[in-house]
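Everything below concerns the one structure shown next.
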Amino acid sequence: MIHLKTVNELTLSAECDGSGILFTKTGAMIGFYGDCKFDKVVLGPTGSPMQALLGQLGRRLTGENIPLMKVISNGPTEGYFACQAKHVTVVELQVGQELMVESEDLLAFTDAVDYGLKAIGCGIISQKGLFTTKLTGKGAGAQAAFMTNGNPIIMDTPCCVDPDAMVAFTGPEPQFKSDVSWKTFLGQSSGESYMLDYRTPGFKVVIQPYERHSGIDVGIDNHGAGAYVQRNTLFR
C-alpha cells in the first residue's frame with residue numbers, strides 16, 4: 001500500500017512497503033528510491049475500460065482533464081513529486097467521502113480513490129465553469145494531494161470565498177453571490193463582485209493566498225479594467 005505525506009511543504013512523498021499504484025500529474029516526479037515504473041494514462045485511471053473511456057471523454061469536454069501518470073511500485077519504494085514549487089497538502093478520504101478540487105491544482109491520488117466529475121450549477125454565472133473534479137474514497141489507503149500557491153487556508157462552512165482563490169471543498173456545491181450594482185458599471189467596483197457562498201455547516205473549503213488572473217471585466221467603456229476588478233476563471 002502507498003502512503004502519502006508532505007516534505008518541506010513543497011514536495012509530496014509516496015512511500016510503499018510492498019506493491020501499490022499511484023496516479024500523479026504527468027511530469028511531477030522529481031526523484032525516487034527502489035523499483036518504480038511510470039506509465040502514461042491513456043484512458044481514465046479508474047473503472048472498466050469503457051467507464052475509463054467515457055470518463056476521459058467527459059473530462060475533455062468539460063475542460064477538467066489533466067494528463068496523468070500511473071506510478072507502479074514493486075517492493076519497498078519512495079517517490080518524490082512536485083510542481084512549480086507549489087505547496088502540497090495531503091488529505092485522507094473515508095469510504096464514500098468526496099473532495100471537489102480544481103483540476104489544475106490536483107497533484108496525485110492513490111488507486112483507492114475514484115476520479116470523476118461533479119456539476120457545479122452556479123459555475124456558468126460565476127464564470128467558474130460548470131464542472132469540477134470529484135475525488136471519492138472507495139477503500140483503505142484513500143489519499144489525495146493537491147497544490148496551492150502559498151500555504152493553504154482551510155475555512156469552515158458556512159463561508160464565502162473568492163472563486164479565483166478557491167482550490168477545493170467538501171460537502172454540497174456553493175451558491176452564487178453577487179455584489180454587482182450601478183457603481184460596478186461605472187468603473188467603481190469594490191473588486192469583489194462575485195463570490196461562492198457555501199451555506200451548509202460542517203464542511204471545509206480550501207483557499208489559497210493567490211488569485212488566478214483571468215475572467216471578465218464588469219464595466220462600460222473599459223472602465224472595469226484595472227487592479228480593483230474581480231476576475232473569475234473560466235475552466236480550461
Side-chain angles (χ1 to χ4, degrees), residues 6 9-12 25 28 62-66 82-91 93 98-109 117-135 144-181 183-184 187-219 224-236:
T6 58
E9 296 185 337
L10 307 181
T11 304
L12 174 68
K25 181 187 290 286
T62 58
E64 277 296 298
N65 188 60
I66 58 171
C83 181
Q84 298 177 344
K86 292 183 178 181
H87 287 239
V88 177
T89 299
V90 173
V91 295
L93 298 174
E98 296 179 348
L99 174 72
M100 273 55 68
V101 59
E102 299 292 88
S103 60
E104 64 195 82
D105 300 317
L106 179 61
L107 179 60
F109 55 93
L117 290 170
K118 182 178 177 66
I120 301 296
C122 68
I124 192 169
I125 304 175
S126 66
Q127 299 297 308
K128 199 75 197 87
L130 285 173
F131 292 86
T132 192
T133 296
K134 179 178 70 173
L135 304 176
F146 59 82
M147 304 172 292
T148 55
N149 278 289
N151 282 314
I153 299 169
I154 301 176
M155 299 183 67
D156 294 310
T157 59
C159 63
C160 290
V161 305
D162 186 318
D164 289 333
M166 192 278 290
V167 173
F169 69 91
T170 62
E173 67 178 84
Q175 302 296 312
F176 172 71
K177 187 173 182 179
S178 172
D179 191 32
V180 174
S181 67
K183 291 183 179 179
T184 304
Q188 302 300 317
S189 168
S190 67
E192 303 299 335
S193 301
Y194 300 100
M195 288 159 275
L196 297 178
D197 186 3
Y198 295 86
R199 299 179 180 178
T200 306
F203 296 97
K204 305 290 184 182
V205 181
V206 181
I207 58 175
Q208 61 185 1
Y210 175 89
E211 293 180 281
R212 302 174 187 89
H213 300 291
S214 59
I216 57 173
D217 278 341
V218 179
Y228 298 100
V229 174
Q230 178 80 5
R231 296 185 181 276
N232 300 298
T233 301
L234 287 166
F235 278 179
R236 295 182 290 276

Checking Lys134 now: which residues fulfil side chain to side chain donor-acceptor pair (under 3.5 Å) with it, not counting sequence neighbours? none

Going from [atom1] on [X] to [atom2] on [Y], what distance comes out if it is rounded to the nearest 0.5 angstrom?
{"X": "Leu117", "Y": "Met100", "atom1": "CG", "atom2": "CE", "value": "12.0 Å"}
{"X": "Leu99", "Y": "Lys118", "atom1": "CG", "atom2": "NZ", "value": "12.0 Å"}
{"X": "Glu102", "Y": "Gln208", "atom1": "CD", "atom2": "CD", "value": "9.0 Å"}
{"X": "Met166", "Y": "Cys160", "atom1": "CE", "atom2": "SG", "value": "13.0 Å"}

Identify, with sequence neighbours excluded, every residue that meets ring pair (Phe, Tyr, Trp, His ring centres under 6.0 Å) alongside Tyr198. Phe169

Steps toward side chain to side chain contact (heavy atoms under 4.5 Å, CB included) verdict (Leu12, Val90): CA-CA 8 Å; Leu12 174 68; Val90 173; 3.6 Å; yes

Determine all donor-acceptor pairs shorter than 3.5 Å in which one atom belongs to a side chain in residues 145-158; sequence neighbours excluded.
| residue | atom | partner | partner atom | Å |
| --- | --- | --- | --- | --- |
| Thr148 | OG1 | Gly150 | O | 2.6 |
| Asn151 | OD1 | His87 | ND1 | 2.8 |
| Asp156 | OD1 | Lys204 | NZ | 2.3 |
| Thr157 | OG1 | Thr200 | O | 2.6 |
| Thr157 | OG1 | Gly202 | N | 3.4 |
| Thr157 | OG1 | Phe203 | N | 2.8 |
| Thr157 | OG1 | Phe203 | O | 3.2 |

Heavy atoms of Ala165 and Glu211 approach each other most closely as CB-CG, 4.5 Å

Determine the sole option in Thr132, Val206, Leu107, Leu106 for which the side-chain contact (heavy atoms from CB on, under 4.5 Å) test with Val101 is passed. Leu106

